[in-house]
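In what follows, a structure is listed as structure tokens, so that the remarks can point back to it.
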Amino acid sequence: MTDLLNVQNLTVRFEVKRGGAFGKKAHLYAVDDVSFTVKAGETLAIVGESGSGKTTAALAVAQLQGAYAGKVELDGQDILKVEGEDLRQVRQKVQFIFQDPYSSLNPRKRAEAIVREPLDSLSGKPAAEKDEIVAGLFEAVGLRREQMRLFPHQFSGGQRQRIGIARALATQPELIICDEPVSALDVAVQAQILNLLRKLQKDFGLTYLFISHDLGVVQHMSDSIAVMYMGRVVEHASRMDLFGNPRHPYTQALLSAVPTVDRAKRAAQKRILIPGDPPDPVNLPKGCRFANRCPQAQDKCRQDEPALVDGGQGHRVACHFS
Amino acid sequence: MEPLLTVENLRIELTTRDGVAPVIDDLSLSLNAGETLSFVGESGCGKSMTALALMGLLPEKVGRVASGKILFDGEDLTQATPRRLREIRGNEISMIFQEPMTSLNPVFSVGEQIAEAIRAHQNLSRTAAWDKAVELLDAVRIPNPKGRAVDYPFQMSGGQRQRAMIAMALACEPKLLIADEPTTALDVTVQAQIFDLLTDLQKQSGAAIILITHDMGAVAEMARDVIVMYAGRKAEYGPVDAIIEHPRHPYTQGLISCVPHIVSDMSEERPDLVEVPGIVPSLKDFGRDQCLFASRCAHRTDECLAGRPPEKHFGASQIADCWHAEAL
């Protein structure tokens, strides 16, 4: 299958001031030279801990955050360069589902107006057709038509996330970026939303960029996975490869840290503890960014930064010793 | 051995606009020193209310213990005076709160906050309390504890703040430690560090731990016994291993299977997750004489709507409150 999304050497940096208002200016590279691809109709999950840059990378792909360097190709078109009317066209193809359904819906608008908004601002469809689309979307995400007139506060968390999903579907996008779509929801409601997302993917042939820190959810949802640490992709592999044979020490630690109810797995695995905290993102150390916490680090790791190299069958790892 | 904590038929009522609702309805449990008991359930099921009741911190004028006993070390806490409760809180029973970001005071250094807890209960001088605070920060594995004790909460990472909270909770070597979702705001690798730390500290001090969570994985890892709460009532109570092996209540089954867990025998096939349809009932429906889970349950019969399900016992100590528990 062809790649729908091809991200090459994406870099996003922020200016930070150190030491008060007159302090020295420095740059924080939230996303640093990141490359990944997503095949049409599949799901790529980006996992990583808070501060690893996964959300920033997603925002840059959606053009909600300016990129400093790199390329984001959608269907072969570099979308970082487009402006004006062309950008509006691109925005129809890329939509976003946000993390917190409580703060990402306008409390003063009715549900139908929220879902209709992308249609109003991005497409020139006649009003009658828009009404029809909105009604169809409510059905598709499992809400009743009577609920179209209600305000966000009259819905439960799971229902609100359904409205957010309907809104993302309104312009018939090709790529939907899901930024932690279930982490704000109760466990039982999570399952409802995850099942819905998978059903919609099948029905509409959607491609997902799925941001999450929950590896259980990622294992369930994704076809391939990119693991991020401190702004870099450290491992990028298919689902079976990554969970079956994690090669980067950080991925191994991450997987071993997840508590599990599977008794056989608990008995078999030893938890790899990674002590300490990540380094200061403004003053990154020389060499591998994970070296100060890595159980396998050697002198070479503190000198040279490893590149993301393909170790066969598309399983890419950034580690000198994998 | 006498259990450290025994709760008998506890009923807690909250006064709401719609009348009086039992947020905890006929809850009994017992916990020995050195053991860990876990509460699981969705939000709004009464997990945190139980914790607050044990601490004597129910919201004033709104919440009250309507009946039942909380026996801690032989003393009934429901009858204790506020003064006595103040002596116990932070000293013999202490609590780790959910959000390390908001439950520390931003205008005092962490060292001062830990020392305050020590000085409130022990007759120590300022400098001695400060030294002890530094020791505690070291015990919770904060690097350079002497230098970090003067740091304010905003200067610490989420994991460090939670460790500072744990240090504070441990300041007076409590017999019972209540951890209310101690790791929900944290990353998995940090969560692993915190769980590891709690287990080690428990081994050293012999404290009993009550762990409140919604993650069955965390329960399996940390606790010996578990109480599954639903709408203020216990759905199932017993040893963790037995319950995960064979859950007898449909809600427990739902909680375990609705979450995608990382499994050892992963396959290309991914069946849909088991859904528990609907949401937790609102407070005004609590306390009805029927099974409160019935509206979301696939095994519902007329019986479930006719009366509150009885306790059914399985094996040595597994109890499920469900009309159909034998068949499940």
Side-chain angles (χ1 to χ4, degrees), chain A residues 47-52 142 156-159 182-183 185-196 198-199 213-223 238-240 243-244 250 253-269 271-278 293, chain B residues 40-45 141 143 156-160 183-193 195-197 213-222 240-241 243-245 251 254-268 270-280 296:
Chain A
V47 296
E49 298 181 72
S50 44
S52 62
S156 69
Q159 287 173 325
V182 295
S183 57
L185 304 175
D186 248 324
V187 279
V189 182
Q190 278 192 11
Q192 299 166 10
I193 298 297
L194 292 176
N195 283 345
L196 174 67
R198 295 218 324 163
K199 179 175 171 292
H213 68 275
D214 185 333
L215 288 147
V217 170
V218 165
Q219 194 195 52
H220 184 72
M221 295 295 290
S222 64
D223 297 294
S238 72
R239 168 174 174 267
M240 294 300 273
F243 284 97
Y250 177 65
L254 206 57
L255 287 177
S256 79
V258 181
T260 174
V261 293
D262 183 344
R263 217 195 250 170
K265 184 165 164 51
R266 239 185 322 148
Q269 85 177 9
R271 199 184 268 170
I272 308 165
L273 281 181
I274 44 174
D277 288 300
R293 304 171 76 192
Chain B
V40 278
E42 290 169 88
S43 35
C45 282
R141 297 179 204 149
M156 297 188 142
S157 72
Q160 287 172 338
T183 57
T184 22
L186 305 174
D187 288 317
V188 276
T189 56
V190 183
Q191 167 172 301
Q193 291 173 4
F195 281 169
D196 203 52
L197 175 68
T213 177
H214 58 263
D215 180 359
M216 269 306 211
V219 173
E221 210 115 310
M222 290 290 292
V240 172
D241 286 339
I243 286 183
I244 286 177
E245 185 87 349
Y251 184 58
L255 274 188
I256 294 174
S257 57
C258 73
V259 181
H261 293 285
I262 295 190
V263 290
S264 45
D265 54 336
M266 184 184 50
S267 67
E268 212 48 80
R270 278 164 283 174
D272 271 353
L273 295 166
V274 177
E275 287 185 23
V276 183
I279 52 167
V280 179
R296 303 173 74 185

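Because the structure is predicted, anything quoted here is derived from the model rather than measured.
- In terms of non-hydrogen atom pairs under 4.5 Å with chain A, the most contact-rich of P143(B), G278(B), G158(B) is G278(B).
- For a residue to count as touching a neighbouring chain, one of its non-hydrogen atoms must lie under 4.5 Å from one of that chain's; by this rule P278(A) does not touch chain B.
- Residue L273(A) touches chain B through its side chain alone, counting heavy-atom pairs closer than 4.5 Å.
- Annotation: the span from L255(B) atom CG to D186(A) atom CG amounts to 9.0 Å, rounded to 0.5 Å.
- Both the backbone and the side chain of S43(B) come within less than 4.5 Å of a heavy atom in chain A.
- With chain A as partner, the option from G254(B), G217(B), C258(B) having the largest number of non-hydrogen pairs under 4.5 angstrom is G217(B).
- For S256(A) (side chain) and I272(A) (main-chain N/O), a donor-acceptor pair under 3.5 Å exists by modelled atom type.
- Here Q191(B) contributes atom CD and D196(B) contributes atom CG; the two are 12.0 Å apart, rounded to the nearest 0.5 Å.
- The candidate with the highest count of non-hydrogen atom pairs below 4.5 Å against chain B, out of R271(A), K199(A), R239(A), M221(A), is R239(A).
- At a 4.5 Å heavy-atom cutoff, the contact between V274(B) and chain A is made by backbone atoms alone.
- Scanning for salt bridge (Lys or Arg N to Asp or Glu O under 4.0 Å) contacts around D223(A) gives R270(B), with sequence neighbours left out.
- In terms of heavy-atom pairs under 4.5 angstrom with chain A, the leader among R296(B), H214(B), M216(B), Q193(B) is Q193(B).
- The distance from the CG atom of D214(A) to the CG atom of D215(B) is 8.0 Å, given to the nearest 0.5 Å.
- Side-chain contact between I279(B) and Q159(A) is absent, with no heavy atoms from C-beta onward closer than 4.5 Å.
- Only the side chain of L194(A) comes within contact range of chain B, with at least one heavy atom under 4.5 Å from a heavy atom of that chain.
- Rounding to the nearest 0.5 angstrom, the gap separating the OG atom in S238(A) from the CZ atom in F243(A) is 10.5 Å.
- Of the listed residues (D272(B), I256(B), V276(B), V280(B)), the one with the most heavy-atom contacts under 4.5 Å to chain A is D272(B).
- Interface remark: T260(A) contributes backbone and side-chain atoms alike to the contact with chain B (heavy atom separation under 4.5 Å).
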